[in-house]
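Heads up: the structure comes next, in C-alpha cells.
Indexing begins at 1, ligand by ligand and atom by atom, following the structure's order.
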Amino acid sequence: MSEPLLTEVRDGVLEITLNRPDQLNAFTVEMHKLIRAAFERAKTDDDIRAVILTGAGRGFCAGQDLSERDPGKGEIVDLKVTLSTNYNPLIRAIRALEKPVICAVNGVAAGAGANLALACDIVLAAESAKFIQAFAKIGLIPDAGGTWSLTHLIGETRAKALAMTAMPLSAKQAEEWGLIFRCVANDELMSEARTLAEQLAAGATLGIGKTKMAIQAATTNTLDEQLDLEAETQGELGRSEDFREGVNAFLQKRPARFQGK
Ligand code: T3D
C-alpha cells in the first residue's frame with residue numbers, strides 16, 4: 001500500500017501531498033499523524049522556508065474518511081474528541097507556522113478538506129476544483145475552522161448559504177468572492193504554486209512570517225493594538241540580517257540574497 005501522505009523538500013519548499021487518490025484523499029487517523037509531523041518539520045527545519053499543500057489524483061481532499069465513521073460498525077465516535085485530537089491541532093499548526101503555506105487545490109475540496117485549504121495563507125485552485133461545505137448533508141456543522149474562515153473571508157450571508165445548502169462553489173466563483181486568491185488553468189496549477197513558493201522561500205522569510213502573524217492578529221485587534229504590534233515587530237525586523245541585506249542590495253542596485261534571518 002502506498003503512503004497516504006508524501007513529502008518532498010526542494011529549493012527551500014516543503015511539498016506535502018495528500019495521497020489517497022481513490023478516496024479523494026479523505027482523512028484517516030494515520031494521515032493526521034503524518035501531516036502533523038510534516039508541519040512540525042516545517043516549523044523546526046530552518047531550511048524549509050515555504051510549504052505547498054496539495055492532493056494526488058482528481059481530488060484535493062474529501063474531508064473525513066466516512067468509512068471510519070460507519071454506524072454499521074457499531075462504534076460511536078466522539079466527534080468532539082476527533083476534532084480536538086486531529087483537525088484542530090492541524091489548523092492551529094498551519095496558522096501558527098511563521099512561514100507561508102500555499103494550498104494548491106487540484107480538485108474537489110469537501111468538508112474538512114475545503115476548510116483545510118481555507119486555513120492556508122495563499123490558496124490557488126485549478127479551474128475544475130470545487131469547494132463544498134458537505135457537512136449539511138450528514139447533519140454536522142462546518143468544522144476545521146470553517147465557520148470562522150467562511151465568515152471572515154466572504155461574510156455571513158454567503159457563509160450561511162454555502163454551509164446550510166452544501167452547494168458546490170466553483171473555483172472561479174470562489175476567486176470572485178475572495179474566498180481564494182486565484183483560480184488557474186488545471187495544467188498550470190502546480191507550476192504556479194511552485195513558482196510562487198520558490199519566490200517566497202528565496203525572499204525575506206522572517207518578515208514574511210511576521211507579516212502572516214500581523215495580518216492574522218488584525219482580525220481581532222483594534223487599530224491601536226495593531227499599531228503597537230506593527231511597531232514591536234518592525235523593531236525586531238529592523239535588527240534582522242534580511243533587513244540589512246535588503247537595504248544594502250537596494251542601495252547597491254543588485255538582487256538581495258535573503259536568508260530568512
Ligand atoms: O468525523 C469527524 O472526526 C468530524 C470531522 C468531520 C470533518 C468532515 O470532513 S465531515 C465531511 C466528510 N466529507 C463528506 O461528507 C464528503 C463526502 N464525499 C462526497 O460528497 C463526494 O465524494 C464528493 C462531492 C467530494 C465528490 O463526488 P464525486 O462524485 O466526484 O466522487 P465520488 O464517486 O463520490 O467519490 C470517489 C470515491 O471516493 C468513492 O469511492 P468508490 O465508490 O470509488 O470506492 C467515494 O466513496 C470515495 N470518497 C469520497 N469522499 C469520501 C470517500 N470515502 C470516504 N470518505 C469520504 N469523505
(Q) Starting from atom 20 (O) of ligand 1, what is the nearest protein heavy atom, named by residue and atom, and what distance separates them? (A) A134 CB, 4.9 Å
Q) Do S67 and D65 get their side chains close enough for a donor-acceptor pair, meaning under 3.5 Å? A) yes
Q) Of the protein's non-hydrogen atoms, which lies at the shortest distance from atom 57 (N) of ligand 1, and what is that distance? A) Q64 O, 2.8 Å
Q | Protein heavy-atom partner closest to atom 26 (C) of ligand 1 - residue, atom, separation in Å | A | L24 CD1, 3.5 Å
(Q) Between N25 (side chain only) and A56 (backbone N and O only), is there a donor and an acceptor less than 3.5 Å apart? (A) yes
Q: Return the residue, atom name and 0.1 Å-rounded distance of the protein heavy atom closest to atom 55 (N) of ligand 1.
A: L66 N, 2.9 Å
**Q.** Protein contact of atom 32 (P) of ligand 1 - nearest heavy atom, named by residue and atom, plus distance
**A.** R58 NH2, 4.0 Å
Q. Do other residues, nucleotides or ligands put more than 12 heavy atoms under 6.0 Å from the CD atom of E225?
A. yes
Q) Which heavy atom of the protein is the closest neighbour of atom 25 (C) of ligand 1, given with residue, atom name and distance? A) A110 CB, 3.8 Å
**Q.** atom 52 (C) of ligand 1 [closest protein heavy-atom partner, distance rounded to 0.1 Å]
**A.** Q23 O, 3.9 Å
**Q.** Nearest neighbour of atom 11 (C) of ligand 1 from the list L140, I138, L83, on a heavy-atom basis
**A.** I138
(Q) If only side-chain N and O atoms count, and only distance matters, is there a donor-acceptor pair under 3.5 Å linking E230 with Q226? (A) no
Q) Among A166, S84, G111, A62, which one has a heavy atom closest to atom 14 (C) of ligand 1? A) A62
(Q) For the CD1 atom of I48 and the OG1 atom of T7, what is their distance to the nearest 0.5 Å? (A) 8.5 Å
Q: Tell me, please: is N115 in heavy-atom contact with ligand 1, that is, under 4.0 Å?
A: no
Q: Please identify which atoms of ligand 1 are closer than 4.0 Å to at least one heavy atom of R69.
A: 1 (O), 2 (C), 3 (O)
(Q) Distance under 4.0 Å to a non-hydrogen atom of A112: what atoms of ligand 1 satisfy this? (A) 7 (C), 8 (C), 9 (O)
Q | Whether K130 lies under 4.0 Å from ligand 1, heavy atom | A | no
Q.
Taking A201's backbone N and O only, do any of them form a donor-acceptor pair with T205's side chain (distance below 3.5 Å, no angle check)?
A. no
Q: Supply the atom-to-atom distance C120 SG to N115 CG, rounded to the nearest 0.5 angstrom.
A: 11.0 Å
Q: Check each heavy atom of F27 against ligand 1 and say whether those closer than 4.0 Å belong to the side chain, the backbone, both or neither.
A: neither
Q: Nearest 0.5 Å please: distance from the OG1 atom of T195 over to the CE atom of M190.
A: 10.0 Å
Q: Check each atom of ligand 1 against the heavy atoms of A26 and keep those under 4.0 Å away; list them by number with element.
A: 55 (N), 56 (C), 57 (N)
Q. For atom 39 (C) of ligand 1, what's the nearest protein heavy atom and its distance?
A. D22 O, 4.4 Å
Q) Are more than 12 heavy atoms from other residues, nucleotides or ligands located less than 6.0 Å from atom CZ of R69? A) yes
Q. Who gets closest to atom 3 (O) of ligand 1 by heavy atom: T82, I141, D143?
A. T82
